[in-house]
Asker: 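Next up is a structure, given as structure tokens.
Naming: A, B, ... by sequence-line order, numbering from 1 per chain. Side chains included, hydrogens not; waters and symmetry mates left out as well; all remaining heavy atoms used. Everything quoted here is computed from the prediction, not taken from an experiment.
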Amino acid sequence: MSQKRILLCAGTGCISSGALKARDALIEELNKRNMANDFLIVGSGCHGFCEQGPIFIVYPEETFYCGVQPEDAAELVEEHLVNGRIVDRLLFKDPISGVRVRNHREIGFYAKQMRKVLGNCGVIDPENIDEYISAKGYEGLKKALLMEKTAIIEEVKSSGLRGRGGAGFSTGMKWDFTYKAKGEKKYIVCNADEGDPGAFMDRSVLEGDPHAVIEGMLIAAYAINADEGYVYVRAEYPLAISRLRIAIKQALEYGFLGENILGSGFSFDLKIKEGAGAFVCGEETALLASIEGERGMPRPRPPFPANSGLWGKPTCLNNVETLANVPLILREGAQAYAAIGTERSKGTKVFALTGKINNTGLAEVPMGMTMREIIFDIGGGVKDNREFKAVQIGGPSGGCLPAEQLDLPVDYDSLAVAGAIMGSGGLVVMDEKTCMVDLARFFLTFTQNESCGKCIPCREGTKRMLEILERITEGKGEEDDLDTLQDLAIAIKDSSLCGLGQTAPNPVLSTLRYFMDEYKEHILEGKCRAGSCTNLITYYVFADNCIGCGVCKKVCPVDAISGERKVLHEIDTALCIKCGACIEKCKFDAIKTR
Amino acid sequence: MSKVSITINGRAVQVDSGTTILEAAKAAGIDIPTFCHDPELTKAGACRICVVEVAGARNLPASCTTPVAEGMVIETESQRVINSRKTVLKLIWANHPQDCLVCEKTGSCRLQDYSYRYDITGSTYKGERKEIEFDDTNPFFFRDLNKCILCGKCIRKCHEVNGAGAIDFTFRGFDTKVTTAFDVPIEESSCVFCGMCVDICPVGALTPKQGLRQGRSFEVDRVLTTCAYCGCGCTFYLKVSNDKIIGVSPNFEGSLDGHMCVKGRFGWDYIDNDNRLKTPMIKKDGEFVEATWDEALTLVANKFKEVGAQYGADALAGLSSARATNEENYLFQKLFRSLGTNNVDHCARL
Amino acid sequence: MAGLATAFGSGAMTNTIGELEDAKMLFVIGSNTTENHPVIGYRVKMAVKKGAKLIVADPRYIELCDYANIFLQLKPGSNIALLNAMAHVIIKEGLEDKEFINSRTEGFKELKEAVEKYTPEYASKITGLPAEDIVRAARIYGEADAASILYTMGVTQHTTGTKNVMAIANLALLTGNMGKSGAGVNPLRGQNNVQGACDMGALPNVFTGYQRVADDEVRCKFAAAWGTELSAKPGLTVTEMFSGAENKDIRAMYVMGENPFISDPDTAHVAHCMNALDFLVVQDLFMTETAKFADVVLPAVSFAEKEGTFVNTERRIQKVNQALSPRGEARPDWKIIQGIAQKAGFDWNYTCAEDIFQEIVSLTPSYAGVSYDRLGKTGIHWPCPTEIHPGTPVLHMGKFTRGLGRFTAVEHADPAEMPDEEYPFMLTTGRILYHYHTGTMTRRSRGLSEIHKEELMELNPADAAALGLKECDLVNVISRRGSVKTKLKVTNRVPEGVVFMTFHFAETAVNLLTNSQVCPTAKIPELKVCAVRLEKA
């Protein structure tokens, strides 16, 4: 009798919310009842809906349980697995309608997605190559091995696939350059140094479908005549690395990697290089320097890696998601692939939804979907029903788009016009409580800390921009600061060595463009409308709401609040450090800022 | 090699394909400022002072790393370029000690030169400055990393030419500095004190200890000569002030590209060692007594003649010197051979 | 030099320093290049970074070993076994350049027969190297399009020194690595103007440009030019001069800018010889250890206080220019020599160094086209026979100086003094980066003497453990000729059974220990091997 399959998400998100403990409890419960052999419990890659983890799906009915904790195991087994009754309270509850949903396909978060690259994530066991194969895995490779190399490159070109790592360069063109570059020895490198704050697309793909990346690399390697490859993955992704290692081992055993792959005469050796977590190593020349054992610092281009890359040899670098698209293109054909998306942006894109959004998680959508659909239909809108203020897209190199831009179709070119970039797919949603000057300051802090220090505009320039932003958020801004910011931003964009520096001013430029008022308020009126720049606000007790419960008094770390029980409390602004603890604790909304 | 036609500052020129904009400009007699460029080293493209405007390019490419392309139209001093260079200079000044009045590098400092050229009187940017301890622990040079502009030439020289690999960039962002592994004192690192870093530093971050306060570049005479140590035959300039050597600087146009080692670069101060022999000495009763040249030379000549007359010329022997000049070795053997013996040799065998 | 002169007809470095950077293969033997010739060491490392293959043969683990494809840590004094075995492998595997051998060499048959017995296994026993390393090294050298050999005193300062050099020359001839860029046999000269001193005839058997004193025609030319009669009998070498002094054949000696008391082997013997002289003149910058023996000491000037020319190791004639006035009453050597000559009754009237140089040029065919004006910032490589000749960076192109290149069959012989029960260690000597020769200059330089103050004898950790010695311990190093007390450095740079000392420090004068046995041809002493024992002091 065949086993029933229970899938649990074993991505980093769900594991940290307790998926493995819940799994163990479930197994224990099944053992207690002597039912263990009736069920096959499979850990899958990320389902994307991290907000709701740990996630379990019971097959064949595909019941989608979320937030499953160890103590839920007994009920889950008793009710669902023994009695066939759905455990309603563990189903997903639509945040707007309040309705419980049984099948994930009916959840708004999934309904509008188009899961191609993430197709296997959350479905197959990433540690089992057979599952990948039965999901048509390595068919793209088999097809490619029978094709002319130029034909493969042509296929990828005509699919319209563009790099998913940031700049959106045509993948087929990149392959073509490397293919045409002179040299016996060539390399293919997978850039898995995902570093944007809040972005985890690549991690999820590696964790959930590592073979797709390997297959993509194999196809690329075969096409460009590379016999050696590296996956450069940050060491902070231990699960991705371990799954990748397992996948490489299995692929070797199955003859997909190594000597004379599938009898084609093509050989390919794949290595993993763990990065030490420098953001700049996501820049391709710095990444190559790091693989070579040098300090990760960008090198001037030209020469481009396609001509002189790793150890001076022609090297093709593609990002994880880009490579994961490749098997799909080969398998289904460029035409089918190009049918998805817009005129100049083809296929799908995975976004990491974070910030003040209800459905934090990963979502894959066809190119061209509007920002509104992504944020509100898939993302479930802004948390706590607050007002949408802006979305930062493209990480620290990207831009900040205001509500007026919500109907912008998300594709490479529209984003660029709006002052943002696709980047690797980080989407951070901000509400009215986010100060846009402070946000710019946050990103500048990040880029300044992560600047490799090589070129003067980036190293010294972002420091001075950051200092100006710090002064503004502290209420010490001066009027010329805005001009200085603008001038510095342009000079840094104009003259920095690498992409990190050239895009570092983007968060400032885009917030200056869309939120100039906020900057001016800070400088001229000493006011932060979001109430987050602590130097510009004071806390006070809103007398109408205070009942004198004393909770705020207890929680204040500096004893700045005084007042008898049941009497209106007071805040000593000289002592108050504006930590916000009182606001958080007050149930009556009696503490406010101005 | 194929040629490409380009336009620099409105002038049409033809250059070899593959040359950089910087090289092309130089050939056309146009000076582009550089901090981090050195023809011998890997191209870094780090300082961005050499950016130029190329028609059609999105941003301002660094001329030192960008190869020319057919039809390229380049402006090396457009307003946009000048603005960018000024920003770079002001950014440096915002984080550089303003002590040119007493800086040893005054007069040969590129930061000064370019500040003069682009009329930079200081920085408009306020804020934090580096505060790194002044390092005077090694016997040969001072390291004032607060003056370092992180062009990285010292690092590349150390890695690519010397091979010692004693220094590299450490830390990130504003905290980036050039130092040894784990920031140990340089004399505990793999540094071999060739001093090539000192000579290539465009600012006053690295200063030789010898000759301190005895003359800046415009106050010294430079005499090209050849090293008196090993057989490599490095040529260099002796920097002379008041009839004293106060330093050495490499001959970058020489056959060895200005490469140096610790002995040639720093080991010349024996010249004015207190124990130099300054007068001829004649031993009398087992003690050396000062003598005049006339006395000494007469005595030597007479002794040689006496011995020759008494025992034959082959009782004389001369040890010439692999340290003396050709002219001196020539005269030495000429003297002995003229005295009638071929008993002349030197220490080539040791 | 004698070895190369036999093989090629000229004893100088065949190629240039600049070429090394673009070399495809470098074989460094008996040369701690990065310490003794730092600037050449840079080029070697640069070449490796550009992809050149490197083989290092040395008893010590030197810095270049870090860059080497193969490090051959051979026993001191076993060069010939290694080199002959490499020749054996090259011939056996057909890697020799038959065309070159046929057209440009002679004596191949003899060489082939001689190296027949030097199988890698046979050589392995003598050198202590794994046989397969010898084979690999031979293949790398033999297969390279152009391979350059660099060597220094580690090859020559042996009783087999000349034969060692011949064995090197054999390899280069065998593979056609002569007369082309990036190849050649390159002895790196240890002192700024050894090449020049030799070129100038500061040798017992030749005038300038290696014109033999025994050659009547040459001698007549010089006699006419100098207006004096000249002896046809070749003179004595340094080592012969000292023993000559000992038995009173030599009565008076003039030492200019040398410190033989420290630099020559078996110091006790040197002292004995110098004491036996009737009259000794020493000319130097300082009161050196040798000067103390003198009857007259003449103060000379440093390179910065005079004008002239030096010839570097690659035969490049370069200008020395005066930067300072002479200190005190010190005079340039040439003026002092002229002074003696005048007092001796010769009519010499040189007014400046250039006068002398013009005379040199007029008498020396290989310098004939050189003038001070032509030297400029880069100098000129001799031979430069005419005023329009650009100089000769690479020697022996198309034709050897002697016509055909000559193979010479040579056999391994143990060093004159091998370790035994009483003296179980092999002492090998040399220099370090921070000091130069007998330290006359470097030890009077503040920075250099501060960074490296004293002798640190290198001893292998295993030997140190066996003797109960540790880093910085003081030990007495004792040979059959003397004893020296020195501080220890325990390091893997030296193999077990071998210790290394420098000759920079008079207070730990290593030449008290060394053996004055010389190579019978070149008369170079065996400074690289003698037997010593160690005792904790």
Asker: Answer with side chain, backbone, both or neither: which region of C/Phe346 has an atom nearer than 4.5 Å to a non-hydrogen atom of chain B?
Answerer: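 The side chain, not the backbone.
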Asker: For the residue pair B/Phe304 and C/Tyr254, categorise the inter-ring angle as parallel (less than 30°), tilted (30 to 60°) or perpendicular (more than 60°).
Answerer: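 Ring orientation of B/Phe304 relative to C/Tyr254: tilted.
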Asker: How would you list, by chain and number, every residue that makes a salt bridge (Lys or Arg N to Asp or Glu O under 4.0 Å) with B/Glu219, sequence neighbours excluded?
Answerer: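 Expected list: B/Arg216.
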Asker: Passes salt bridge (charged side-chain N to carboxylate O under 4.0 Å, His left out), C/Lys377 versus B/Glu253? Steps please.
Answerer: CA-CA 7 Å; C/Lys377 283 185 179 175; B/Glu253 296 141 292; 3.2 Å; yes
Asker: For chain B, which candidate among C/Trp348, C/Tyr67, C/Trp334 shows the most heavy-atom pairs at distances under 4.5 Å?
Answerer: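 Highest number of heavy-atom pairs under 4.5 Å: C/Trp348.
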Asker: Mind ranking C/Leu363, C/Thr313, C/Thr208, C/Val297 by heavy-atom pairs under 4.5 Å with chain B and telling me who comes out on top?
Answerer: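 Of the candidates given, the most pairs with chain B belong to C/Val297.
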Asker: Given that the side chain runs from C-beta out, which part of B/Lys209 has a heavy atom under 4.5 Å from chain C: side chain, backbone, both or neither?
Answerer: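 B/Lys209 has no heavy atom closer than 4.5 Å to chain C.
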Asker: Going by the angle between their ring planes, with limits at 30° and 60°, are C/Tyr434 and B/Phe193 parallel, tilted or perpendicular?
Answerer: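 Rings of C/Tyr434 and B/Phe193: tilted, as their planes differ by 30° to 60°.
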Asker: Just verifying a value: how many Å separate B/Gln310 CD and C/Asp278 CG, rounded to the nearest 0.5 Å?
Answerer: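 Nearest 0.5 Å value for the CD-CG distance: 8.0 Å.
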Asker: Where on B/Leu238 is there a heavy atom nearer than 4.5 Å to chain C: the side chain, the backbone, both, or neither?
Answerer: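 The side chain, not the backbone.
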Asker: Can you say whether B/Asp294 sits under 4.5 Å from chain C via the side chain, the backbone, both, or neither, judging by heavy atoms?
Answerer: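 Contact with chain C: backbone and side chain both.
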Asker: Would B/Leu299 and C/Lys343 count as a side-chain contact (heavy atoms from CB on, under 4.5 Å) here? Give the steps.
Answerer: CA-CA 9 Å; B/Leu299 175 65; C/Lys343 295 282 182 198; over 6 Å; no
Asker: Let me know if B/Asn251 has heavy atoms under 4.5 Å from chain C in its side chain, its backbone, both or neither.
Answerer: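 Contact with chain C is through the side chain of B/Asn251 alone.
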Asker: Quick one: what part of C/Glu307 sits under 4.5 Å from any heavy atom of chain B, side chain, backbone, both or neither?
Answerer: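 For C/Glu307, the contact with chain B is made by the backbone alone.
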Asker: Looking at chain B, which one of C/Gln318, C/Arg327, C/Met253 has the largest number of heavy-atom pairs inside 4.5 Å, strictly under?
Answerer: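 Between C/Gln318, C/Arg327, C/Met253, the count favours C/Arg327.
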Asker: Roughly how far, to the nearest 0.5 Å, is the SG atom of B/Cys261 from the CG atom of C/Leu433?
Answerer: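 Taking CG in C/Leu433 and SG in B/Cys261, the distance rounds to 6.0 Å.
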Asker: For the backbone of B/Ala322 and the side chain of C/Asn193, can you confirm whether one donor and one acceptor N or O come within less than 3.5 Å of each other?
Answerer: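 No, C/Asn193 side chain to B/Ala322 backbone: no donor-acceptor pair under 3.5 Å.
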Asker: Side chains of C/Asn192 and B/Arg323: does their closest heavy-atom pair fall under 4.5 Å?
Answerer: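 Result yes, sub-4.5 Å side-chain heavy-atom pair found.
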Asker: Is it the backbone or the side chain of C/Val213 that comes under 4.5 Å from a heavy atom of chain B, or both, or neither?
Answerer: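 Contact with chain B is through the side chain of C/Val213 alone.
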Asker: Quick check on B/Phe141 against chain C: is it the side chain, the backbone, both or neither that has a heavy atom closer than 4.5 Å?
Answerer: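 Neither part; nothing is under 4.5 Å.
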Asker: With a 4.5 angstrom heavy-atom cut-off, is it the side chain or the backbone of B/Cys227 that approaches chain C, or both, or neither?
Answerer: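 Only the backbone of B/Cys227 comes within 4.5 Å of chain C.
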Asker: Do B/Asp272 and C/Arg444 meet the salt-bridge criterion of a basic N to acidic O distance under 4.0 Å?
Answerer: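 Here C/Arg444 does not pair with B/Asp272 in a salt bridge, since their nearest N and O are not under 4.0 Å apart.
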Asker: Which one, C/Gly328, C/Ser449, C/Ala197, leads in non-hydrogen pairs under 4.5 Å with chain B?
Answerer: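 Result: the option with the highest number of such pairs is C/Ala197.
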Asker: So what's closer than 4.5 Å to chain C heavy atoms on B/Val300: side chain, backbone, both or neither?
Answerer: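 The answer is both parts of B/Val300.
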Asker: How about residues 326-334 of chain B versus chain C: which residues have heavy atoms under 4.5 Å apart?
Answerer: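 B/Asn326, B/Glu327, B/Glu328, B/Asn329, B/Tyr330, B/Leu331, B/Phe332, B/Gln333, B/Lys334, listed by number.
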Asker: Just do the side-chain contact (heavy atoms from CB on, under 4.5 Å) check on B/Met196 and C/Tyr42 with the steps written out, would you?
Answerer: CA-CA 12 Å; B/Met196 289 192 283; C/Tyr42 305 155; 3.4 Å; yes
Asker: Among C/Gly379, C/Ser445, C/Gly376, C/Pro299, who wins on heavy-atom pairs under 4.5 Å with chain B?
Answerer: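 Winner by heavy-atom pair count: C/Pro299.
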Asker: Out of curiosity, B/Asp345 CG to C/Thr239 OG1, how far, rounded to the nearest 0.5 Å?
Answerer: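 The CG atom of B/Asp345 sits 7.5 Å away from the OG1 atom of C/Thr239.
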Asker: Quick one: does NZ or CZ of B/Arg337 land under 6.0 Å from the six-membered ring centre of C/Phe222, within 45 degrees of the ring axis?
Answerer: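 That pair does not qualify as a cation-pi contact.
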Asker: Quick one: closest heavy-atom pair of B/Val307 and C/Ala252, and the distance?
Answerer: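 Result for this residue pair: CG2-CB, 3.9 Å.
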Asker: Which residue out of C/Ala245, C/Ala304, C/Ser325, C/Cys519 racks up the most heavy-atom pairs below 4.5 Å with chain B?
Answerer: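 With the most close heavy-atom pairs to chain B, the winner is C/Ser325.
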